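Every chain is numbered from 1, with letters handed out A, B, ... down the list of sequences. Only heavy atoms go into these numbers, but all of them, side chains included; no hydrogens, no water, no symmetry mates. As the structure is a computational prediction, the values presented were derived from the model and not from experiment.
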2 protein chains.
Amino acid sequence: MPVSLKDVARKAGVSVATASRALADHPRISENTKARVRQAARELGYTPSAVARSLVKRETHTLGVITTSVTDPYAAQVVKAVEVAAEAAGYHLLLVASHGVPSREVKALRMLYERRVDGIVIISARGMDAYEDVLSHLTVPVVLVNGRVPHPAVRSVSANNRQGASLAVEYLLDAGYTRIAYIGGPTQGQSARHRVQGYVQALQAAGLVPSPDVIFPGQGTAEDGRRALRHMMSLRPKPEAVLCYNDLTAFGVLAEAWAMGVRVPDDLAVIGFDNLPFSELTAPPLTTVAQPTEEMGQTAVSLLLRQRRGEEVQDVVFDCTLVERASVRR
Amino acid sequence: MPVSLKDVARKAGVSVATASRALADHPRISENTKARVRQAARELGYTPSAVARSLVKRETHTLGVITTSVTDPYAAQVVKAVEVAAEAAGYHLLLVASHGVPSREVKALRMLYERRVDGIVIISARGMDAYEDVLSHLTVPVVLVNGRVPHPAVRSVSANNRQGASLAVEYLLDAGYTRIAYIGGPTQGQSARHRVQGYVQALQAAGLVPSPDVIFPGQGTAEDGRRALRHMMSLRPKPEAVLCYNDLTAFGVLAEAWAMGVRVPDDLAVIGFDNLPFSELTAPPLTTVAQPTEEMGQTAVSLLLRQRRGEEVQDVVFDCTLVERASVRR
DNA sequence: TTGAAAGCGTTACCAG
DNA sequence: CTGGTAACGCTTTCAA
């Protein structure tokens, strides 16, 4: 059994009240007793119980984070950013993996609420559509990173996925590519929807007609990239460039290209989305669209904390930037 | 403010005690009142407070996890395994990043203890040497994954790093390579120490003398791999193969090899350690030593839970296996 | 400057 | 089958 404040108080010969105040460095406690209490606490190896404290203070200094999986490198980046921002504000993270399953997202939400976390950030929410009844009773702020749910109490911070995808296509167009393929992501998420839209719009803005037979389905995995590349190579004429829903998919096309002897960017230019740490390590290094994950994580935490203080806050959207590397010829 | 059990009880016209039992599906409560209580709870959107419950039950159903960073893909794999095992046992994870800084590891340990987690797993502990006084007052089991600390109450589960490194070297030797370089990892951790040892021993067992000028220092980053490769290529004679402390380092040598026009495995064979998901996506795919991270995570959780039940448990070590891919010629 | 006591939201024991 | 009541470990009035 852990040592309690009562033990410390007894040992120091004071009441629990005084012991509590002494350890909290309350101004109206004599230095003398403070010293005695601290001494007793040290000798007993006393560590205060955050759970008891949470009960009375009605706050846990904990933020809940729901993510598909920590092994998803994009999610990991966001989690890290959130972690850093939270830590700086004196908060810690309760992490739950939903594995992208909507029902598990809802369960996680409920569990976090039971634990009375002070805020919840959901990364890449998949099936928040059926959240209505859970959300309606929540007394804790929720922020979505890269997702949106039509609930008035839920804020979101996201990358401008449409703009990002358009940016990539325009870059390709500028470089002289015109037959540009696209490999998609999970259609339940809004980021995937916006990215295709950006792709299509940029093409149309350039007076081109997006052709359905160079738009490949995918779930954002490397395997999707591999499969799409094999498909692509059997097409006549072949696409000259491909924009991928995310870097992971791009990694798959790069790997399959290597296996099939397809040269990048000479035979096919490849462009990703997310700028994962790994994308500068591929052969060739991957040109990709970057999201400001750092700021997004910080912002998520900041929105949560401000909402907690009763502030009204707005959704925020960050523009993407292009990271030029060697998988696209210039 | 969240609705409390008292609110539910009042609405259902029963005492809190009864309400509590009704919701817990206690056998000696009439179906009738159970129904009424449940109904009231639903209508009010009642969600029990885990913090209050934790206080009385003296357990939080939470495991603390200290890791360098979630963005470290090796750590992420272990975290995931731990998460899955924990979830299956009804536990959730409080995650803290230490960024490899010993003082932050200690702080994290203390914070987790304050929150009364039911167990703590530390992944790749760096500076546990000065843990003595923290550990001595802990009333919660601690398990180290891939680390060791000379404290009687701390258990560890690790990969057999020595055997893994030897395995890799023997594989290289078998394939006809003799001039084999090594790029090291953080020397504060025991895994790095064991891996060099395995490298050296395998060489010696084959009657070769490990040469200090092909043993490069590193911290386990891709940049270390790049730097070491450049060094290596300036040597005469050049190494024919290189064993890397981990996959990340191997990624660095692969990337730099691509940049310098060094062909893998023709000019240089490369072998990694960890078998990250990404290692099958490199060009060429990376031959590497795999640790059974899945089982290691499960085992860590299992040790924790068994210790909590008062069982005596032993350290456990898992053997590594070799994953043959294309970065080594056969 | 200190202490007694109430209360945070539950569970569990003891009566009835 | 149900209700009081005492914890759980801490903070915070309110008095002294």
Side-chain angles (χ1 to χ4, degrees), chain A residues 1-38 40-41 44-62 110-118 137 139-140, chain B residues 1-38 40-41 44-62 111 113-118 137 139-140:
Chain A
M1 292 301 99
V3 190
S4 79
L5 193 52
K6 202 197 293 188
D7 302 322
V8 175
R10 184 174 324 123
K11 172 143 188 164
V14 295
S15 71
V16 271
T18 313
S20 172
R21 287 188 278 239
L23 293 175
D25 204 21
H26 189 105
R28 298 188 310 207
I29 293 288
S30 81
E31 281 308 324
N32 185 338
T33 52
K34 274 187 191 173
R36 280 215 328 284
V37 172
R38 282 200 267 256
L44 293 173
Y46 170 70
T47 308
S49 163
V51 5
R53 179 177 297 155
S54 290
L55 185 58
V56 22
K57 301 266 229 151
R58 281 114 157 270
E59 61 181 6
T60 53
H61 274 256
T62 302
R110 188 166 280 128
M111 172 258 144
L112 290 172
Y113 182 49
E114 278 197 8
R115 295 185 181 224
R116 297 296 189 264
V117 295
D118 295 337
H137 287 300
T139 58
V140 55
Chain B
M1 290 303 97
V3 291
S4 78
L5 194 51
K6 202 196 288 187
D7 302 322
V8 176
R10 184 176 322 123
K11 172 142 188 166
V14 296
S15 70
V16 268
T18 312
S20 173
R21 288 186 281 237
L23 293 175
D25 204 20
H26 189 106
R28 298 187 312 206
I29 294 287
S30 82
E31 281 309 323
N32 185 338
T33 52
K34 274 186 193 174
R36 279 214 329 285
V37 172
R38 281 200 268 257
L44 293 172
Y46 169 71
T47 307
S49 162
V51 5
R53 180 179 295 155
S54 290
L55 184 59
V56 22
K57 300 265 230 154
R58 283 116 156 270
E59 60 180 8
T60 52
H61 273 258
T62 303
M111 171 258 144
Y113 182 47
E114 277 197 8
R115 296 186 179 223
R116 298 296 189 265
V117 295
D118 295 337
H137 286 300
T139 58
V140 55

K.L.:
Given 3.5 Å as the limit, does a donor-acceptor pair link the side chain of A:Arg36 with the main chain of A:Ala12, or not?
P.N.:
yes

K.L.:
Taking all non-hydrogen atoms of both residues into account, name the closest pair between A:Pro2 and A:Asp7 and its distance.
P.N.:
O-OD2, 4.5 Å

K.L.:
For every nucleotide of nucleotides 2-12 of chain C, 5' to 3': is a protein heavy atom under 4.0 Å from its base (B), only from its sugar-phosphate (S), or from neither (-)?
P.N.:
BBB---BBBBB

K.L.:
By salt bridge (charged side-chain N to carboxylate O under 4.0 Å, His left out), which residues pair with A:Lys11, not counting sequence neighbours?
P.N.:
A:Glu43

K.L.:
Measuring only between side-chain heavy atoms, which start at C-beta, is B:Met1 closer than 4.5 Å to A:Thr139?
P.N.:
no

K.L.:
So, does A:Ser20 use its side chain to make a donor-acceptor pair with the main chain of A:Val16 at under 3.5 Å?
P.N.:
no

K.L.:
Please identify each residue that fulfils salt bridge (charged side-chain N to carboxylate O under 4.0 Å, His left out) with A:Glu114, with sequence neighbours left out.
P.N.:
none

K.L.:
Find the bend of the helix from C:dT1-D:dA16 to C:dG16-D:dC1 as the angle between its two terminal axes (five pairs each), to the nearest 10°.
P.N.:
50°

K.L.:
First contact, last contact: which nucleotides of DNA chain D are these for chain A, 5' to 3', heavy-atom distance under 4.0 Å?
P.N.:
D:dG9 to D:dT13

K.L.:
Could you check if a side-chain atom of B:Leu23 sits within less than 4.5 angstrom of a side-chain atom of B:Arg38, using non-hydrogen atoms only?
P.N.:
yes

K.L.:
Roughly how far, to the nearest 0.5 Å, is OG of B:Ser49 from CG of B:Leu55?
P.N.:
9.5 Å

K.L.:
Can you list everything that forms a salt bridge (charged side-chain N to carboxylate O under 4.0 Å, His left out) with A:Arg58? Sequence neighbours excluded, please.
P.N.:
none

K.L.:
Using side-chain heavy atoms (C-beta onward) and a distance below 4.5 Å, is B:Arg116 in contact with B:Thr62?
P.N.:
no

